[in-house]
Participant: 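Structure in structure tokens, see below.
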Amino acid sequence: MLKRTSLALLGEDIKVAVKMLKASLIGNKISFSKDTILERAKQLGLTPSLREIKSARPDLPTTYWAFFTIRDKSVIIKIEQTDTPLVSNHLKITCKSSGTFGSYFLDFYDFISDLIAKGIFVFDRDNPKEVLVKDPERYRKILDVLENELSGKLIIPEENIFLPEPIPYKRRVYYYFLKKGDKLIRLDRIGKTLEYAIKRIVIVPQDIIRNSELILEVFISATEEPGALWAGITPTWYSIHRFLNPCESSWSSMASYEEIKKYQISFEDKITLDNELEKLLLRTLKGIYKEVLLKSGLFRLSSTTPNNKQGTNIHQEVQEFLANLGRELELQSITEYNLGNTRIDVAWLDKGLLKFAFEIVIEGSILEALYRLQNVNAEKKILIVKDDRLKEAEGKAPNEIKIIPLSYLYNRSKIDLIRHLLL
């Protein structure tokens with residue numbers, strides 16, 4: 001139902017489409033008729049205007065267009081008066097105000113075809129023009145559940161287009177972050193995410209947006225064709241009303257990498273690009289665009305962090321990252337360093353002496369990691385923990401052990417990180 005939406009919508013807006021689908025179920029048959037649609041609209045307290053278009057050809061059906069409004073949105077339903085539901089009927093929701101873009105579009109033909117393919121709808125054996133619902137009661141319950149799930153929700157499309165043809169390479173990707181205090185939280189990791197061919201649909205409670213201060217939109221685009229190569233990353237601050245009131249103009253302001261890097265972004269919330277897009281951006285971006293990519297802390301790049309190979313977990317990635325950093329400092333760097341009765345995740349040695357001992361806790365026991373560090377004879381003892389376990393670690397660690405959140409490793413430049421480790 002949501003794969004063709006390009007407009008942020010309230011769940012209550014989509015409920016109109018759900019109710020129209022309910023109205024199309026007559027007994028165990030699917031029927032999109034003018035009378036049933038108009039009757040359901042009236043039950044919803046709507047007063048649609050109707051336009052009738054008769055074809056000059058007698059073999060073609062009469063088409064009806066029903067127009068009505070819900071709050072700040074216009075709803076259009078196209079109904080071809082035929083004895084089969086498999087025609088180009090559709091429902092479309094757009095903003096009433098001019099100058100706004102995007103719409104919600106439900107193609108009833110596509111919807112019915114998908115459910116026929118899934119075995120939920122079937123053709124009537126006696127009349128192949130009619131479509132039947134195998135289990136009408138279950139179908140109604142599914143629509144009831146969907147209607148309830150949409151209550152109090154926001155439906156937010158995040159475009160993710162990959163077009164290899166006819167252009168050799170084209171990408172358009174959007175990511176959204178919510179600003180809460182000194183943190184940026186990636187939207188598609190909250191609530192429910194539906195993945196489609198060219199977009200993600202994120203469904204989140206409206207209160208999550210209302211309780212945020214700002215929205216950061218990160219727009220990434222890249223095009224490569226014969227004789228031309230262009231790419232850009234544009235971060236923009238928006239008022240939360242961009243989603244809560246998408247049909248109204250809202251405040252916006254360009255965001256700089258200096259602003260963004262001040263915020264905490266958890267390791268999991270960072271944007272991971274596919275290899276081809278990352279290489280193209282690194283090769284093409286200049287000036288402020290490249291600074292956003294490399295210095296904002298929004299991205300987790302394979303070129304500046306350990307490769308995320310298949311089967312490699314975060315713990316191993318951080319081990320490799322620290323090991324490589326130690327080698328850059330011309331120290332002997334060893335992972336899984338064995339000390340006889342214990343083993344630590346990463347060790348930096350200088351002339352055989354243990355200078356830095358690192359333990360990394362992603363899902364494991366913080367107490368066990370602290371115990372190992374306390375029993376190691378090293379000049380610096382450092383515990384790396386996931387951001388959401390930082391307070392737990394700080395509450396348990398003795399003063400001799402430095403606690404560093406995972407995001408710090410990727411939010412800061414190597415110089416800043418090394419300075420922090422040496423302090």
Side-chain angles (χ1 to χ4, degrees), residues 2-11 13-14 95 100-104 150 152-162 171-222 231-257 259-274 277 281 289 292-293 296-301 387 407 410-411:
L2 299 175
K3 65 182 179 181
R4 296 179 70 175
T5 184
S6 56
L7 174 69
L9 293 168
L10 301 177
D13 298 326
I14 305 295
C95 292
T100 55
F101 300 94
S103 67
Y104 168 75
L150 292 173
K153 300 292 198 305
L154 277 170
I155 292 90
I156 302 167
E158 292 187 330
E159 193 174 271
N160 184 9
I161 293 179
F162 173 45
R171 288 296 300 272
R172 289 166 54 88
V173 190
Y174 286 86
Y175 289 93
Y176 294 101
F177 291 80
L178 302 180
K179 177 185 178 299
K180 292 190 175 186
D182 63 349
K183 295 182 179 179
L184 291 177
I185 303 167
R186 207 172 85 200
L187 185 64
D188 64 304
R189 299 191 67 252
I190 303 172
K192 185 175 184 178
T193 301
L194 306 176
E195 295 282 351
Y196 296 103
I198 61 170
K199 70 181 69 172
R200 291 179 300 270
I201 300 292
V202 182
I203 302 174
V204 294
Q206 295 176 27
D207 288 345
I208 286 179
I209 305 298
R210 287 195 177 96
N211 293 332
S212 302
E213 300 163 42
L214 291 173
I215 295 164
L216 178 67
E217 177 189 87
V218 181
F219 172 48
I220 306 167
S221 59
I233 301 176
T234 308
T236 308
W237 293 113
Y238 282 98
S239 159
I240 59 173
H241 296 289
R242 175 177 172 82
F243 290 153
L244 295 174
N245 305 100
C247 291
E248 298 178 7
S249 58
S250 58
W251 171 88
S252 65
S253 176
M254 293 291 293
S256 67
Y257 81 89
E259 291 177 272
I260 298 168
K261 74 176 185 179
K262 295 176 183 177
Y263 293 93
Q264 293 183 39
I265 307 171
S266 74
F267 185 83
E268 294 85 353
D269 282 342
K270 290 180 181 294
I271 299 169
T272 302
L273 305 169
D274 63 75
L277 179 57
L281 292 174
Y289 295 122
V292 171
L293 180 67
S296 67
L298 287 168
F299 296 90
R300 181 180 168 198
L301 302 176
D387 291 48
S407 62
Y410 298 93
N411 279 344

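FYI, the numbering just counts along the sequence from 1.
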Participant: Show the nearest heavy-atom pair for residues Phe299 and Leu293, with the distance to one decimal.
Facilitator: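 Between these two residues, the closest heavy atoms are CD1-O, 3.7 Å.
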
Participant: Looking at every heavy atom in both Leu154 and Gln206, which two are closest together, and how far apart are they?
Facilitator: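 Residues Leu154 and Gln206, closest heavy atoms: CG-CG, 3.7 Å.
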
Participant: Nearest 0.5 Å, please: how far is CD1 in Ile14 from OG1 in Thr5?
Facilitator: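 The distance works out to 5.5 Å.
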
Participant: List the steps, then state whether side chain to side chain contact (heavy atoms under 4.5 Å, CB included) holds for Ile271 with Val173.
Facilitator: CA-CA 11 Å; Ile271 299 169; Val173 190; over 6 Å; no

Participant: Please name the pair of heavy atoms, one in Leu277 and one in Ala222, separated by the smallest distance, quoted to 0.1 Å.
Facilitator: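 Closest heavy-atom pair between Leu277 and Ala222: CD1-CB, 3.8 Å.
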
Participant: Could you go step by step and tell me if Tyr175 and Leu187 meet the side chain to side chain contact (heavy atoms under 4.5 Å, CB included) rule?
Facilitator: CA-CA 8 Å; Tyr175 289 93; Leu187 185 64; over 6 Å; no

Participant: Would you mind telling me which of Trp237, Tyr238, Phe177 makes a side chain to side chain contact (heavy atoms under 4.5 Å, CB included) with Glu217?
Facilitator: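 Testing each of Trp237, Tyr238, Phe177 against Glu217, the sole residue satisfying side chain to side chain contact (heavy atoms under 4.5 Å, CB included) is Tyr238.
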
Participant: Is there a side-chain contact between Leu9 and Pro246, using heavy atoms and a 4.5 Å cut-off?
Facilitator: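 Answer no - side chains too far apart.
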
Participant: Evaluate whether atom NZ of Lys183 has more than 12 neighbouring non-hydrogen atoms of other residues, nucleotides or ligands under 6.0 angstrom away.
Facilitator: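 For Lys183, atom NZ is not crowded (no more than 12 foreign heavy atoms under 6.0 Å).
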
Participant: Nearest 0.5 Å, what's the NE2-OG distance between His241 and Ser249?
Facilitator: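 Taking NE2 in His241 and OG in Ser249, the distance rounds to 11.5 Å.
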
Participant: Within the 4.5 Å heavy-atom criterion, are Leu2 and Ile203 side-chain neighbours or not?
Facilitator: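 Of all side-chain heavy-atom pairs linking Ile203 with Leu2, at least one is under 4.5 Å.
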
Participant: Any chance you could measure Lys179, atom NZ, to Glu259, atom CD, to the nearest 0.5 Å?
Facilitator: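 These two atoms lie 10.5 Å from each other.
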
Participant: If every non-hydrogen atom of Lys180 is compared with every non-hydrogen atom of Ser212, which pair is closest and at what distance?
Facilitator: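 What the structure gives for the nearest pair is CE-OG, 3.2 Å.
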
Participant: Could you check Asp269, Ile265, Val218 and say which one makes a side chain to side chain contact (heavy atoms under 4.5 Å, CB included) with Leu184?
Facilitator: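 That would be Ile265.
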
Participant: To the nearest 0.5 angstrom, please state how far the CD1 atom of Ile156 sits from the CD1 atom of Ile201.
Facilitator: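 Going from the CD1 atom of Ile156 to the CD1 atom of Ile201 covers 9.5 Å.
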
Participant: Are Val202 and Ile190 side-chain neighbours, meaning at least one heavy-atom pair lies under 4.5 Å?
Facilitator: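 Contact flag for Val202/Ile190 side chains = no.
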
Participant: Please step through ring pair (Phe, Tyr, Trp, His ring centres under 6.0 Å) for the pair Tyr176 and Phe243, ending with a clear verdict.
Facilitator: CA-CA 11 Å; Tyr176 294 101; Phe243 290 153; 5.1 Å; yes

Participant: Between Gly11 and Ile155, which heavy-atom pair has the shortest distance, and what is it?
Facilitator: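 Heavy atoms of Gly11 and Ile155 come nearest at CA-CD1, 3.6 Å.
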
Participant: Looking at every heavy atom in both Ser239 and Leu214, which two are closest together, and how far apart are they?
Facilitator: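 Of all heavy-atom pairs spanning Ser239 and Leu214, the closest is CA-CD2, 4.4 Å.
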
Participant: Within 45 degrees of the axis of the six-membered ring of Tyr174 and under 6.0 Å from its centre: does Arg200 put its NZ or CZ there?
Facilitator: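 No - Arg200 does not lie over the ring of Tyr174 by the 6.0 Å and 45° rule.
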
Participant: With no hydrogens and no angle check, is any side-chain donor or acceptor of Ser296 less than 3.5 Å from a backbone partner on Ile260?
Facilitator: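 Not a single qualifying donor-acceptor pair exists.
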
Participant: Applying side chain to side chain contact (heavy atoms under 4.5 Å, CB included) to Lys192 and Lys153, what does each step give before you reach the verdict?
Facilitator: CA-CA 10 Å; Lys192 185 175 184 178; Lys153 300 292 198 305; over 6 Å; no

Participant: Walk me through it: do Ile220 and Leu273 pass the test side chain to side chain contact (heavy atoms under 4.5 Å, CB included)?
Facilitator: CA-CA 10 Å; Ile220 306 167; Leu273 305 169; 3.9 Å; yes

Participant: Enter the distance from Cys247:SG to Leu7:CG here, rounded to the nearest 0.5 Å.
Facilitator: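 Between atom SG of Cys247 and atom CG of Leu7 there are 5.5 Å.
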
Participant: Measuring only between side-chain heavy atoms, which start at C-beta, is Ser250 closer than 4.5 Å to Asn245?
Facilitator: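 Contact flag for Ser250/Asn245 side chains = no.
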
Participant: Is there a side-chain contact between Arg172 and Phe219 (heavy atoms, below 4.5 Å)?
Facilitator: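 Yes - at least one pair of side-chain heavy atoms lies under 4.5 Å apart.
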
